[in-house]
4 protein chains.
Amino acid sequence: MSSRPLRADAARNRARVLEVADEVFGEQGRAGSTEEVARRAGVGVATVFRHFPTKESLLAAVLAARVHAIADLADRLVRDGDPATALFDFLRHVVAQSHTKSLLTEALTDAGVDPYEARRGADTRLREAVAALLERSQAAGAVRADVGVDEVFPLLAAAARAAEVSRDDATRDRAVGVVLDGLRAR
Amino acid sequence: MSSRPLRADAARNRARVLEVADEVFGEQGRAGSTEEVARRAGVGVATVFRHFPTKESLLAAVLAARVHAIADLADRLVRDGDPATALFDFLRHVVAQSHTKSLLTEALTDAGVDPYEARRGADTRLREAVAALLERSQAAGAVRADVGVDEVFPLLAAAARAAEVSRDDATRDRAVGVVLDGLRAR
Amino acid sequence: MSSRPLRADAARNRARVLEVADEVFGEQGRAGSTEEVARRAGVGVATVFRHFPTKESLLAAVLAARVHAIADLADRLVRDGDPATALFDFLRHVVAQSHTKSLLTEALTDAGVDPYEARRGADTRLREAVAALLERSQAAGAVRADVGVDEVFPLLAAAARAAEVSRDDATRDRAVGVVLDGLRAR
Amino acid sequence: MSSRPLRADAARNRARVLEVADEVFGEQGRAGSTEEVARRAGVGVATVFRHFPTKESLLAAVLAARVHAIADLADRLVRDGDPATALFDFLRHVVAQSHTKSLLTEALTDAGVDPYEARRGADTRLREAVAALLERSQAAGAVRADVGVDEVFPLLAAAARAAEVSRDDATRDRAVGVVLDGLRAR
DNA sequence: GATGAATGAGACTTCATTCAT
DNA sequence: AATGAATGAAGTCTCATTCAT
């Protein structure tokens, strides 16, 4: 009863705001303004604040959404992927999405630190899925044995960062490739 | 006419501002405020603006100073270091410094994009020194042959990022180690 | 047409809103928000606005209700009280109720200034009842002869104010006592 | 050294803001807006906030100024007034000033509760001056012996309130007179 | 050359009120 | 008749930048 399903139009608005917020914060980091989100979403600021009572909570929602999407991917790969390449496929996919101002990185980073409940569920899911991926890949002898989940997140951030700052596509692929190579068993 | 040598006190002020700005932006990223820089430097805001007509230009100067320092290190290692480890030593050193709010990473990143002239000189110097380091290490057979300077910068950013988001020192060392391992010749 | 009798549920809602509004405005003064009234009453904001088209009108209704209650008390005392003490009893009772953020004081104050019709009836009733009380007490020789109803309301407000700002119960009783003593015939 | 004297123009601005704030808050109570203060003072909002970093601090400054003025009066009367009437003269004067939305009352009320240092000095001064006035008047046999300073403030508030809500000057004088009469020794 | 005051623009947030369901 | 979403206007506050002293 606490959260009766939103009315159709409200739900649409909420979704639109979230989507736009992802865009804005993606471009400008947390410096992006609520007002720009509202403007681009075609609603008043107050509407944004009705759905997300705080800028911080909007940010949390955006991050949670991204993390959920990534966890979905990880789940899929755990189930269906080739163990020998699954972790690498996963990392590459995520990196490919994280073009934007390190928001994702942030999301992947402070797992567990965040007070907004939205985050916690997502973070846990992701962590578990990644752990599964890692174990599988290690069992298949594809990934070196001396890394754990705790290292995977920084490495993901690292690869994303490398991608972010590369000057062209070819450079980016090589740079990311180097990071991933570091993970391989030899 | 623009570059008449500064009066002694003005020069001292300029240096002090720069030093403090590095501190402030180091702590708070570009969100750090001009006013705080002025306060900590013990001068008025207007003085900051006389030396750096724009917040952006102050940031550029801070970054240039850091880049120069890093280029100094690279130069030193080119001259005196062990070719087999020089590049790695360099990377580790830089990573160790870049704890703070990814300012350095930023500095190392948008080389060449920036309009402020201060940056250009520093960037060029650094690029050349790193190129030298890299060649030497590759000649010594320590670093894989298929990477170039263009990849080194993203990889530096990557390692710095990994360091930044690691939850503890041990994790950080392992994560950075993985990235560097990716660079080694096999 | 406007005053067709309300449907039973509507009437219940209206009453509930009024009751809750008294509570909220009592606690927070006119700064209390419509939305909080709605929430505590368990209805939507729009329902509040259907019954009271304006926040101002809701306030007026709350005040009118309080004034009616006070007029009831005055009527009772006119009928049943001891003339020698009736006015004092009345004043003390009212003061005892008006702890809250001077809303009552306000109610007792701007009688006649207010555009909302709700107020007028209540104000008139009260004024008449108080006039009766006063005359009776003066006839009994308990109250000085040189004050009229016009002075009683400010004095009521005065006593309420004194009560409001006193730092503890004993101080309050003494302060209010002084005001009432001013009213006694000597 | 912490507060070097303000530059002449800044001091003028500060004074003007304070003056206008007194006016605005006088008319509208603490609901008055900083923006209106700025507008009426002919400065930007930011200027108001430079001088008073918080709305609350502006309010505190206004109140402190009023309290100081009142304490001045009390001091004067302790020194030069006729003991038999000094306290009454004081009360009447203060009441005559406190036309406005009970700001003064508030000032006179929460003495000692306030965190802003500005307030504390003023409050103490006033309390002491009033205590002196009271003792003197009691010694002269003009004021009843069973009231203390703690009662005087509520009674002042009471008289001010009575004045505030009276419908015309004659009524006001009578109502205030009644309150003061309550204080007289018989 | 240096200072600190002033400012305009913008950020977050709240609220009375209106509208679609 | 009732609901809760949407909104515009306003409020408090911050900050890069300019100006008077």
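Remember, it's a predicted structure, so these values are computed and weren't measured experimentally. Both backbone and side-chain heavy atoms feed into the values below; hydrogens, waters and symmetry mates do not.
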Between D:R40 and D:E27, does any NZ, NE, NH1 or NH2 come within less than 4.0 Å of an OD or OE carboxylate oxygen?
yes

When C:D9 and B:G32 are each assigned the nearest nucleotide of DNA chain F, the 5'-most assignment goes to C:D9

Nearest 0.5 Å please: distance from the CG atom of B:D22 over to the CZ atom of B:R66.
4.0 Å

Are OP1 or OP2 of E:dG1 and a side-chain N or O of B:N13 less than 4.0 angstrom apart?
no

Contact class for C:V45 (heavy atom, under 4.0 Å): base, sugar-phosphate, or nothing?
base

Atom-pair distance (CZ on C:R16; P on F:dT3), nearest Å:
12 Å

Separation of E:dC12 atom P from A:F52 atom CZ, nearest Å, is 15 Å

Would you tell me if any nitrogen or oxygen in the side chain of B:R50 comes within less than 4.0 Å of OP1 or OP2 on E:dG1?
yes

D:L58 vs D:F25, test: side chain to side chain contact (heavy atoms under 4.5 Å, CB included). Steps then yes/no.
CA-CA 10 Å; D:L58 176 53; D:F25 293 138; 3.9 Å; yes

When the nearest nucleotide of DNA chain E is assigned to C:K55 and to B:A46 on a heavy-atom basis, which residue is associated with the more 5' position?
B:A46

Thinking salt bridges, do D:R30 and D:E56 make one under a 4.0 Å N-O criterion?
yes

Separation of A:R14 atom CZ from F:dG4 atom P, in whole Å?
17 Å

Quickly work out the A:R30 CZ to E:dA11 P distance and round it to whole Å.
16 Å

CZ (C:R161) and CD (C:E164) are apart, to the nearest 0.5 Å, by 5.0 Å

Looking at A:T54 and A:S57, would you say the former's side chain and the latter's main chain have a donor-acceptor pair under 3.5 Å?
no

Measuring from D:L18:CG to D:E23:CD, what's the distance to the nearest 0.5 Å?
12.0 Å

Check ion pair C:R39-C:E35 (N to O, under 4.0 angstrom)
no

For the helix from E:dA2-F:dT21 to E:dT21-F:dA2, measure the angle between the helix axis at one end and the axis at the other, each built from five pairs, rounding to 10°.
10°

With respect to the side chain of D:F49, which nucleotide from F:dT12, F:dT21, F:dA6 is positioned closest?
F:dT12

Close residues, residues 33-41 of chain A, relative to DNA chain E [heavy-atom separation under 4.0 Å]:
A:S33, A:T34, A:E35

Would you mind telling me which of E:dT7, F:dA5, F:dA2 lies closest to the side-chain atoms of A:A10?
F:dA5

Can you tell me which nucleotide in E:dA6, F:dC13, F:dT7 comes closest to the side chain of D:H51?
E:dA6

Using whole Å, what does the distance between atom P of nucleotide E:dG1 and atom CZ of B:R12 come to?
15 Å

Value in whole Å for how far the P atom of E:dC15 lies from CD of C:E56
16 Å

To the nearest 0.5 Å, atom CZ of D:R14 lies from atom CZ of D:R50 at 12.5 Å

Where do B:V24 and B:G32 come nearest, in terms of heavy atoms and distance?
CG1-CA, 4.0 Å

So, OP1 or OP2 of E:dT3: does either fall under 4.0 Å of a side-chain N or O from B:T47?
yes

